[in-house]
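Per chain, numbering begins at 1; letters A, B, ... match sequence-line order.
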Amino acid sequence: MAKSGQSLGARVRNTAFSALVYLFLYAPIAVIVLFSFNTSRRNIVFEGFTLDWYGVMAGNTQLMDSLVNTLIVASCSTLLSVIIGSLAAVGMYRYRFRGRAAIDALLYIPVVIPEVVLGIALLSVFSLANVPLGLLSMIIAHATFSIPFVVFTVRARLSGFDASTEEAAMDLGANRLQVFSRITVPLIAPGIGAGAMLAFTLSIDDIIISFFTTGATSMTFPLKVMEMVRSGVSPDVYALSTIIILVTFAVVVTSQAIRYRHQKGQEHTGT
Amino acid sequence: MASRNATQTTGFLRRRLQRAAPLLTMVSPVTVWMVILIAVPLIYVLFISFCSTDEAHHIVFAFTLQNYAKLFDPTLLSIYGNSLLIAGLTCLISILIGYPFATIMANSSPFKRTLMMVFLMLPFWTNSLIRLYGWRSILGSNGFINSVLQSLGLITQPLELLYNHFAVVLGMVYVLLPFMVLPIYTVILKLDHSLLEAASDLGARPARRFLKVTLPLTSSGIFAGSIMVFIPALGYFFVSNLMGGGTTQLIGNVIARQFKEAFNWPFGAALSIVLIIITLVLVRAYTKTGGKMDDLGAM
């Protein structure tokens with residue numbers, strides 16, 4: 001392996017380079033966390049430590065409403081895309097049928113097309129069909145860009161799938177529904193989990209699609225921030241962001257640690 | 001006789017339907033959804049790009065090519081130029097940072113690899129607008145960089161680091177870098193090391209080996225990453241809003257304005273068709289050179 005052959009100089013260079021990349025990625029996050037504890041309202045210099053902004057944040061109903069909206073849209077669109085996407089992945093993996101390539105092509109469109117194009121296309125069709133713009137239109141729009149990602153992650157999981165397990169269950173008298181719920185779903189569960197996490201993440205961070213498909217009363221957190229940018233983002237938004245950062249860091253690090261230990265355990269038992 | 005035939009036919013249909021039932025339950029939801037919410041909307045955008053508007057900004061369904069004629073307006077041409085320049089620079093810088101980073105990651109131990117991947121993706125669970133706003137505090141005229149440089153006495157006047165192309169490109173690279181790293185990382189991981197050893201055994205120096213063996217073998221990853229960076233960079237209007245402060249207009253900004261402020265949907269639709277064509281051409285070139293579509297969704 002190249003690793004063992006690396007000289008000390010090369011190793012130092014690699015570490016320094018990686019450190020710079022991470023500095024680039026984390027510098028603005030550090031700024032947000034720091035300024036959420038800043039006594040000054042203007043986010044320019046750090047004047048002193050305070051926890052006041054966390055209280056202000058909790059009392060800011062507009063901000064809290066936008067957070068609730070974000071979570072509603074993300075949960076509902078994730079649920080929808082997981083159901084539709086997982087069924088599709090299994091169906092498209094198991095059966096060869098006419099039109100399969102066409103569905104595949106449709107699924108790739110949201111992945112490669114600029115979000116602004118998808119956003120205006122959905123807005124146009126919602127207005128044509130008189131769908132009122134609000135939480136429901138945003139849920140539909142978010143599910144639309146999430147479904148392909150769920151299909152792809154579940155499909156990746158299925159490529160190592162042993163069809164004989166399903167056949168054995170059928171031979172032992174299980175019906176299709178039992179086979180699906182007892183055999184297929186548990187087997188693809190990690191793929192579904194990864195797809196759900198991806199769908200949720202894409203939804204809570206989405207700006208462009210929401211920008212076009214939202215209504216006047218259904219502001220999400222990213223849109224709220226976008227609106228505040230002109231007048232200046234107040235530190236209570238930093239406080240909320242800090243809480244979101246801490247929660248996601250905890251969730252991601254724990255889930256990755258579990259996954260890593262699980263993989264390691266599998267390597268040891270040789271399965 | 002006829003009735004027996006009919007029972008046979010319905011029996012045959014029922015059996016076929018029964019066999020197709022699981023396929024239909026699994027595949028029809030996604031088909032209906034994607035047709036109604038992807039195919040129909042895009043066809044409708046193409047349709048309204050040939051329409052015009054009345055004084056009340058309503059779409060008038062009468063065929064016209066005026067929206068396409070307006071695409072060649074000189075101010076718009078400079079916006080395309082700007083847009084392509086910024087997307088191109090974003091792509092190039094992402095490769096220059098992402099390629100070595102992906103190499104280092106792929107050559108690390110499995111534990112370190114997982115760790116590097118997690119910390120690469122972690123920032124993306126935080127709202128990107130907020131993170132870009134953090135950059136404004138770093139780059140602003142009273143920001144971190146200017147304060148440090150001034151207190152060191154290196155500059156007397158604050159440097160204008162925000163509200164220019166530089167800031168927009170920085171913001172784009174910041175938001176899009178992982179999309180470059182991931183596909184490159186995937187191909188480097190799959191790289192056949194015996195080919196590299198063969199090159200070394202045959203006397204190739206490291207630089208030559210990289211140019212003649214490693215780079216061609218990993219070019220599909222660079223191509224996939226470039227598509228995932230270049231195309232969004234043409235449309236991410238919020239990055240140019242935040243970091244460019246109106247000094248930098250991208251195609252995405254013009255489209256957004258047609259739909260939300262100017263209410264000239266047909267013209268915005270024609271601009272969107274331009275973006276769709278650019279996307280199709282790039283993706284076609286990618287698959288023609290052997291790129292796999294699945295590698296584009298490698299998130």
So which part of B/T103 gets closer than 4.5 Å to some heavy atom of chain A, the side chain, the backbone, both or neither?
neither
Part of A/V31 lying under 4.5 Å from any heavy atom of chain B:
side chain
A/Y26 side chain to B/F119 main-chain N or O, any donor-acceptor pair under 3.5 Å?
yes
Could you tell me which portion of A/V21 (side chain, backbone, both or neither) has an atom closer than 4.5 angstrom to a non-hydrogen atom of chain B?
side chain
Chain B contact via A/F200 - which portion, at a heavy-atom distance below 4.5 Å:
neither
Counting only non-hydrogen atoms closer than 4.5 Å, can you tell me which residues of residues 280-287 of chain B sit against chain A?
B/V283
Chain B heavy atoms under 4.5 Å from A/F249: which part of the residue, side chain, backbone, both or neither?
both
Is B/L170 in contact with chain A via its backbone, its side chain, both, or neither, using a 4.5 Å heavy-atom distance?
both
So, the part of B/W135 with a heavy atom under 4.5 Å from chain A: the answer is both
Contact part of B/M116 toward chain A, heavy-atom cut-off under 4.5 Å: side chain, backbone, both or neither?
both
Nearest heavy atoms of A/A121 and B/P41, plus distance in Å:
O-CB, 3.5 Å
Which residue pairs pass the salt bridge (charged side-chain N to carboxylate O under 4.0 Å, His left out) test when at least one of the two sits in residues 90-101 of chain A, sequence neighbours left out?
A/R94-A/E166
Can you classify the ring geometry of B/F237 versus A/F211 as parallel (below 30°), tilted (30 to 60°) or perpendicular (above 60°)?
tilted
Parallel, tilted or perpendicular for A/Y22 and B/F101, by the 30°/60° rule?
perpendicular
